[in-house]
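Reviewing the structure listed below.
We name chains A, B, ... by the order of the sequence lines, and we start the count at 1 in each one. Please read these numbers as outputs of a predicted model, since none were measured by experiment.
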Protein chains: 2
Amino acid sequence: MVQVISAYEKELNNEKIPAGKKKVLLAALDLFSNKGFHATTTSKIAKAAGVSEATIYKYFQSKDDLLKKLLSPLFIELQQDFIGSLSQYQTLDALVTFIVKDRLKFIKANFDFIKLLLQEILTDPKLLQYFKDLISKETDFINVFKSWKQKFSEIDPNLTPIAIIRAIIGPIGAFALQTDFFNYQGDTTSDYSLIKKQIIAGLTN
Amino acid sequence: MVQVISAYEKELNNEKIPAGKKKVLLAALDLFSNKGFHATTTSKIAKAAGVSEATIYKYFQSKDDLLKKLLSPLFIELQQDFIGSLSQYQTLDALVTFIVKDRLKFIKANFDFIKLLLQEILTDPKLLQYFKDLISKETDFINVFKSWKQKFSEIDPNLTPIAIIRAIIGPIGAFALQTDFFNYQGDTTSDYSLIKKQIIAGLTN
DNA sequence: GTCTATATCACGATAGAC
DNA sequence: GTCTATCGTGATATAGAC
């Protein structure tokens, strides 16, 4: 089954878009993310979607265009909600608890998108650059980190934004890899507290 | 430039293998890892290697065979040396210091191979299974972790092998991603001590 | 809004000369 | 040990009917 919990809900629930277009988007996401973009032929997409190849080209200018249209909602999703919701937490422990839970949920919900994005970013310099800009030019991040340092005295004031991002992404990413990709089923409670502990160790002095 | 520091030294320095075969292996590694396996045509490999397509098929049964022959040394390399060398460290700090330095060096030296492996593992269930077996059935790991728990009283005896691997891979992987993929140039000394601190926090009670 | 039928071309792979 | 020349297939993409 394809995961489309967050990044496509609105578009796919919009009744105005044709049934064929929806089916193509879902089939393409499944095949691109699990078999790879270049390994997936338009013929396979058509079969999986139960439509003809002509239908694909009715709604998408090319196979590349279909890929772009699939990825764009994820980029929007990556920025939204998350950063804004960080300001409400008054202790470092509560903040980290939220981040771990929220980002693991996000990764699980969008796992097919993330696999696809990962594959493409590894081989497409343009997409890599776009992604870099999204992270580094995003002054929101810098400001959020500054506010953290003021709010939570435990945080090492010498940490760079890069180091902060790394301290958070490392433990979360490794756990997500084990659970979502290698199908590891662990004891959520103790695993989460280990992840939290590791993140806080990377942030504090 | 292609990275071939460890995983291919012996084979490529062997003077008995034909010049054309060497050139094909190097060109294929570069193109497969940076453009993707399916996006790379045999024609492009031939051009990059400065040989004809027939030369490729003289030495490799198929394009898939070429990929397999490229990846196999990495699997051997992944197992060798590393585990055995872990027993000589008498403090947890010294052990973790070695692991961080050694694995980051390994990743940097084999980065093209790792990018290629990553792409293929994301889309090839057989390769994923092979990789899983390499890790889980590898009883060496379990034994090494057991010996750690006996040797270093700081280590949480309740940690599962999965949690131990995660505690180590997370911080190292995130740093490797930032440096080798996003070209981040940091202060090695303070970065390394942060990584170490985070790993030890994930291992100790 | 979706289909059948088809154009075009590049891909992986091979035969056989040198 | 390497090349030129070529084959068959299946890929993306389109025209036009319903």
Side-chain angles (χ1 to χ4, degrees), chain A residues 8 11-72 116 119-120 123-124 126-127, chain B residues 8 11-72 116 119-120 123-124 126-127:
Chain A
Y8 252 87
E11 183 154 357
L12 291 175
N13 287 334
N14 182 343
E15 304 219 342
K16 284 195 176 168
I17 76 164
K21 189 174 181 183
K22 285 186 198 180
K23 286 190 282 181
V24 168
L25 283 168
L26 284 171
L29 174 60
D30 179 30
L31 290 168
F32 285 169
S33 64
N34 293 308
K35 310 282 182 186
F37 174 73
H38 288 282
T40 300
T41 66
T42 50
S43 158
K44 284 178 189 164
I45 298 171
K47 269 196 193 109
V51 300
S52 73
E53 292 193 58
T55 299
I56 298 174
Y57 287 96
K58 169 81 180 181
Y59 298 115
F60 306 97
Q61 293 171 20
S62 63
K63 197 182 153 191
D64 273 283
D65 180 51
L66 173 54
L67 174 65
K68 269 188 196 167
K69 296 226 166 94
L70 264 180
L71 281 178
S72 53
L116 176 55
Q119 289 176 60
E120 288 311 302
T123 53
D124 184 349
K126 275 184 193 170
L127 197 65
Chain B
Y8 252 88
E11 183 154 358
L12 289 176
N13 287 334
N14 182 344
E15 304 217 342
K16 282 194 177 170
I17 76 163
K21 188 174 181 180
K22 286 185 198 181
K23 286 190 285 183
V24 168
L25 282 167
L26 284 171
L29 174 60
D30 180 29
L31 291 168
F32 285 168
S33 64
N34 292 308
K35 310 281 181 185
F37 174 73
H38 289 282
T40 300
T41 67
T42 51
S43 157
K44 285 178 189 163
I45 298 169
K47 266 193 194 111
V51 301
S52 73
E53 292 192 58
T55 301
I56 297 174
Y57 286 94
K58 169 81 182 180
Y59 298 115
F60 306 97
Q61 293 171 20
S62 64
K63 199 183 153 191
D64 272 283
D65 180 52
L66 173 55
L67 173 65
K68 270 190 197 168
K69 295 227 166 94
L70 264 179
L71 280 178
S72 52
L116 176 54
Q119 289 177 60
E120 290 309 304
T123 53
D124 183 349
K126 276 185 192 171
L127 198 65

Please state how far atom CG in B/Leu66 lies from atom P in C/dC11, giving the value in whole angstrom units.
16 Å

Consider the side chain of A/Val51, meaning its heavy atoms from C-beta on, and name the nucleotide among C/dT2, C/dC3, C/dA13 that approaches it most closely.
C/dC3

Mind running salt bridge (Lys or Arg N to Asp or Glu O under 4.0 Å) on A/Asp64 and A/Lys68 for me, showing each step along the way?
CA-CA 6 Å; A/Asp64 273 283; A/Lys68 269 188 196 167; over 6 Å; no

Can you tell me which residue among B/Leu66, B/Leu29, B/Leu116 is in a side-chain contact (heavy atoms from CB on, under 4.5 Å) with B/Leu71?
B/Leu116

Within the pair A/Thr42 and D/dT12, is there a side-chain N or O less than 4.0 Å away from OP1 or OP2?
yes

Phosphate-side-chain proximity, A/Ser52 and C/dT2, N/O vs OP1/OP2 below 4.0 Å:
no

Round to a whole Å and report the spacing from NZ of A/Lys58 to C1' of D/dA15.
12 Å

Which whole-number value in Å describes the distance from A/Glu53 CD to D/dA11 P?
9 Å

Can you tell which of C/dA13, D/dT2, D/dT12 lies closest to the side chain of B/Pro18?
D/dT2

How do A/Ser43 and A/Ala54 order along DNA chain D: which one's closest nucleotide is nearer the 5' end?
A/Ser43

B/Val24 versus B/Phe60: any side-chain heavy-atom pair under 4.5 Å?
yes

Let me know the distance between NZ of B/Lys47 and P of C/dG12, rounded to the nearest Å.
12 Å

Taken to the nearest whole Å, CD1/B/Ile45 to P/C/dA10 is 18 Å

Whole Å only: how far is the CD1 atom of A/Ile17 from the C1' atom of C/dT2?
15 Å

Taking the side chain from B/Asp124 and the backbone from B/Glu120, do they hold a donor-acceptor pair closer than 3.5 Å?
no

The side chain of A/Thr55 lies closest to which of these nucleotides: C/dT2, D/dT2, C/dA13?
C/dT2

Is the distance from OP1 or OP2 of C/dT14 to the nearest side-chain N or O of B/Tyr57 less than 4.0 Å?
no

Atom-to-atom span, CZ of A/Phe60 to C1' of D/dT14 - whole angstrom:
17 Å

What's B/Thr41 touching, base or sugar-phosphate or nothing? Going by heavy atoms closer than 4.0 Å.
sugar-phosphate

Kindly say whether A/Phe37 contributes a backbone atom to a donor-acceptor pair with the side chain of A/Lys63 at under 3.5 angstrom?
yes

Protein-nucleotide distance (B/Lys21, atom NZ; D/dG1, atom P), rounded to Å:
10 Å

Establish, with yes or no, whether the OP1 or OP2 oxygen of C/dG12 is under 4.0 angstrom from a side-chain nitrogen or oxygen of B/Lys63.
yes

Nearest listed nucleotide, side chain of B/Tyr59, among C/dT4, D/dT2, D/dT4:
D/dT2

